[in-house]
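Each remark here refers to the structure printed beneath this line.
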Amino acid sequence: MANQLPQISVLGAGIFVKTQYIPRLAEISHLFVLKSIWSRSEESAREAVEVAKEHFPGVECKWGDKGLDEIIQDESILGVAVVLAAQYQVDMSLKLLKAGKHVLQEKPAASSISEIETSLSSYKSICANSPGYPIWAVAENYRFEPALVESKKLLADIGKMMSVQLIIEASMNSANPYFSSSWRRNYTGGFILDMGVHFIAGLRMLVGCEVTSVSAMTSHVDTTLPPPDNISSVFHLENGCSGVFAMVVSSKTPKILWRIVGINGTVEIGRGNQGGQHGYMPWQISFYGAGGHCKSNFYPFSGVTAELKAFLHDISQANLKKGSSYEVEPRLSFIEGARDVAVLDAMLESGNKNGALVQVKKF
């Protein structure tokens, strides 16, 4: 039975892999075989493998150029999760795609518009020369979060959309394990881009249309963080509605809130502080009808597991088709991840131009 399951590898052995990726993969370990974990250094690779062995006793340890070449040349490995520093992810993903591997890359999809354009051109060339085009997916994009999926259904009941609000008060401080991450501090857009793509993905999925233009102001208040650490933006949607996006990277009052106001009612989705803990808390959806009555439901924070399942289904289907056409989950696609980055890129550009109106690049 195990031989019939798709085999995958994980590139990366950092905090996120050890504390989040491996546990999420363990939840669905009956769906695949974890063949190997790779890191640039032998020490970090072995540390991650030790964590994984509890759930995947047969996992192999790979490191350095030799280990990477072995993964690339191993035809039994169908898919690879690329969980590296964002500066290196795109180049690594393209290298694997060129070798015929399906790739699930961590967000953000890219660091800039120019990197997106170059990457899309390379990917199209790879697909054109491959009989069974390799899948390029972007993980952790919130389009799979049950609360947002259910909220999108509720929007049909609020009538014509009038206003959208998205407020993020994050808790990126010294208590956060990612606070000292060097790559985030040397990355274009810093924590705003790395964290913000989650919320832009959720926004775009909820409203069902694209953000066309933005005007934003940015500031740098907390000097322990790279600039900017605050952004306030007005955005315009294709459907004629406008909204606000406000993000604070480090707040003493952590909270995440979407609020979509329609002519017949309002849908509100939130996550916040529970028992002094902020992190992977449940989502709460509240629907306010025309009569002022409120109905609320809670949903688990479980989108990453759903994404992994979708990716495994897609690569299994691709393997069965062997070069024939096959459908993939569009919510995972690199192009969707690129569109998330494009919105934040426009906001950051506007902030650099003191609030000038900036058109969002279309892909």
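The OG1 atom of Thr218 lies 12.0 Å from the CD atom of Glu349; values are rounded to the nearest 0.5 Å. Within the model, atoms CD of Gln20 and CD1 of Ile15 stand 11.0 Å from one another, a figure rounded to the nearest 0.5 Å. The CD atom of Gln359 sits 5.0 Å away from atom OG of Ser213, with the distance rounded to the nearest 0.5 Å. In this structure, the separation between CD1 on Ile116 and OG on Ser121 is 13.5 Å, given to the nearest 0.5 Å. Note that CG of Asp314 and NE2 of His102 are 9.0 Å apart. Values are rounded to the nearest 0.5 Å. Atom CG of Leu84 sits about 10.0 Å away from atom CD of Glu106, to the nearest 0.5 Å.
In this structure a side-chain-to-backbone donor-acceptor pair under 3.5 Å is present from Glu307 to Glu140. A side-chain donor-acceptor contact under 3.5 Å links Glu238 to the backbone of Glu210. Panel note: side chain Ser163, backbone Gly243; no donor-acceptor pair is recorded below 3.5 Å. With Ser36 contributing its side chain and Ser9 its backbone, the two residues share no donor-acceptor pair below 3.5 Å. Between the side chain of Ser233 and the main chain of Ser215, a donor-acceptor pair closer than 3.5 Å is present. Using a distance-only test at 3.5 Å, with no hydrogens or angles considered, no donor-acceptor pair links the side chain of Asp229 to the main chain of Pro226. For Ser251 (side chain) and Thr253 (main-chain N/O), a donor-acceptor pair under 3.5 Å exists by modelled atom type. When atom types are taken as modelled, the side chain of Thr212 and the backbone of His236 share a donor-acceptor pair closer than 3.5 angstrom. For the pair Lys101 (side chain) and Ile77 (backbone), a donor-acceptor distance under 3.5 Å is present. Between the side chain of Trp38 and the main chain of Gly64, a donor-acceptor pair closer than 3.5 Å is present.
Salt-bridge formation is detected for the pair Arg259/Glu268: a Lys NZ or Arg NE/NH1/NH2 atom is positioned less than 4.0 Å from an Asp or Glu carboxylate oxygen. The residues Glu60 and Lys62 are annotated as salt-bridged, a charged nitrogen and a carboxylate oxygen being separated by less than 4.0 angstrom. A salt bridge does not link Glu50 with Arg46: every distance from a Lys NZ or Arg NE/NH1/NH2 to an Asp or Glu carboxylate oxygen is 4.0 Å or more. In this structure, Arg204 pairs ionically with Asp340, as a charged nitrogen and a carboxylate oxygen lie closer than 4.0 Å. The pair Lys252-Glu169 does not count as a salt bridge, with every side-chain nitrogen at least 4.0 angstrom from each carboxylate oxygen.
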Quick one: do Ile8 and Val33 satisfy side chain to side chain contact (heavy atoms under 4.5 Å, CB included)? Show the steps, please.
-> CA-CA 6 Å; Ile8 69 169; Val33 173; over 6 Å; no

Side chain to side chain contact (heavy atoms under 4.5 Å, CB included) assessment of Glu150 paired with Asn297 | CA-CA 10 Å; Glu150 291 303 312; Asn297 288 295; over 6 Å; no

Can you list the steps and then say if Ile158 with Leu155 is a side chain to side chain contact (heavy atoms under 4.5 Å, CB included)?
-> CA-CA 5 Å; Ile158 69 170; Leu155 292 187; 3.8 Å; yes

Taking it one step at a time, do Val90 and Leu94 satisfy side chain to side chain contact (heavy atoms under 4.5 Å, CB included)?
-> CA-CA 6 Å; Val90 173; Leu94 287 168; 4.0 Å; yes

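A donor-acceptor contact closer than 3.5 angstrom links the side chains of Ser44 and Ser41. Checked by atom type, the side-chain pair Glu115/Ser119 shows no donor-acceptor distance below 3.5 Å. If you check the side chains of Trp283 and Glu145, you find a donor sitting under 3.5 Å from an acceptor. Residues Gln105 and Ser93 have side chains that bring a donor and an acceptor to within less than 3.5 angstrom of each other.
Met92 and Ile71 fall within a single hydrophobic cluster, where Ile, Leu, Val, Met, Phe, Trp and Tyr side chains are chained together by heavy-atom contacts under 4.5 Å. The hydrophobic clustering, which links ILVMFWY residues whose side-chain heavy atoms are closer than 4.5 Å, places Tyr133 and Val82 together. Linking ILVMFWY residues whenever their side-chain heavy atoms come closer than 4.5 Å, directly or via other members, leaves Val244 and Ile168 in distinct clusters. Under the 4.5 Å side-chain contact rule for hydrophobic residues, Val234 and Met347 do not share a cluster. When hydrophobic clusters are built by joining Ile, Leu, Val, Met, Phe, Trp and Tyr residues whose side-chain heavy atoms come closer than 4.5 Å, directly or via intermediates, Val149 is grouped together with Leu166.
A pairwise comparison of heavy atoms in Lys152 and Met205 identifies NZ-O, 2.9 Å as the closest pair. Here the shortest heavy-atom pairing between Pro134 and Tyr123 reads O-OH, 2.6 Å. The two residues Val360 and Val211 make their nearest non-hydrogen contact at CB-O, 3.5 Å. Residue Ala110 comes nearest to Leu193 through the heavy atom pair O-CD2, 4.2 Å, listed as atom of the first residue, atom of the second, then distance. Counting all heavy atoms, side chain and backbone alike, Ser39 lies closest to Ala13 at CB-CB, 3.8 Å. Counting all heavy atoms, side chain and backbone alike, Pro228 lies closest to Ile192 at O-CG1, 3.3 Å.
Annotation: Ile263, atom CD1; neighbour count of heavy atoms from other residues, nucleotides and ligands within 6.0 Å does not exceed 12. Lys309 NZ: 12 or fewer foreign heavy atoms inside a 6.0 Å radius. Counting heavy-atom neighbours within 6.0 Å of Asn129 CG, excluding the residue itself, gives a total above 12. Around the NE2 atom of His313, the shell of radius 6.0 Å holds no more than 12 heavy atoms that belong to other residues, nucleotides or ligands. For NZ of Lys98, the number of neighbouring non-hydrogen atoms (other residues, nucleotides, ligands) closer than 6.0 Å is 12 at most.
The shortest distance between side-chain heavy atoms of Val343 and Leu203 does not fall below 4.5 Å. Counting heavy atoms from C-beta on, the side chains of Leu25 and Val10 come closer than 4.5 Å. Using a 4.5 Å heavy-atom threshold, the side chains of Ile37 and Leu34 count as touching. The shortest distance between side-chain heavy atoms of Ser296 and Ile285 does not fall below 4.5 Å. For the pair His55 and Ile22, the minimum side-chain heavy-atom distance is below 4.5 Å. Val249 has its side chain out of reach of Asp222: every pair of non-hydrogen atoms, C-beta onward, lies at least 4.5 Å apart.
Val341 pairs with exactly one of Pro108, Ser112, Ser111 by the side chain to side chain contact (heavy atoms under 4.5 Å, CB included) rule, that one being Pro108.
In this structure, Phe32 has its ring center under 6.0 Å from that of Phe56.
Cation-pi check for Arg331 over Tyr142 is not met; the charged atom does not lie both under 6.0 angstrom from the ring centroid and within 45 degrees of its normal.
Using cut-offs of 30° and 60° on the angle between ring planes, the pair Trp136 and Phe334 is parallel.
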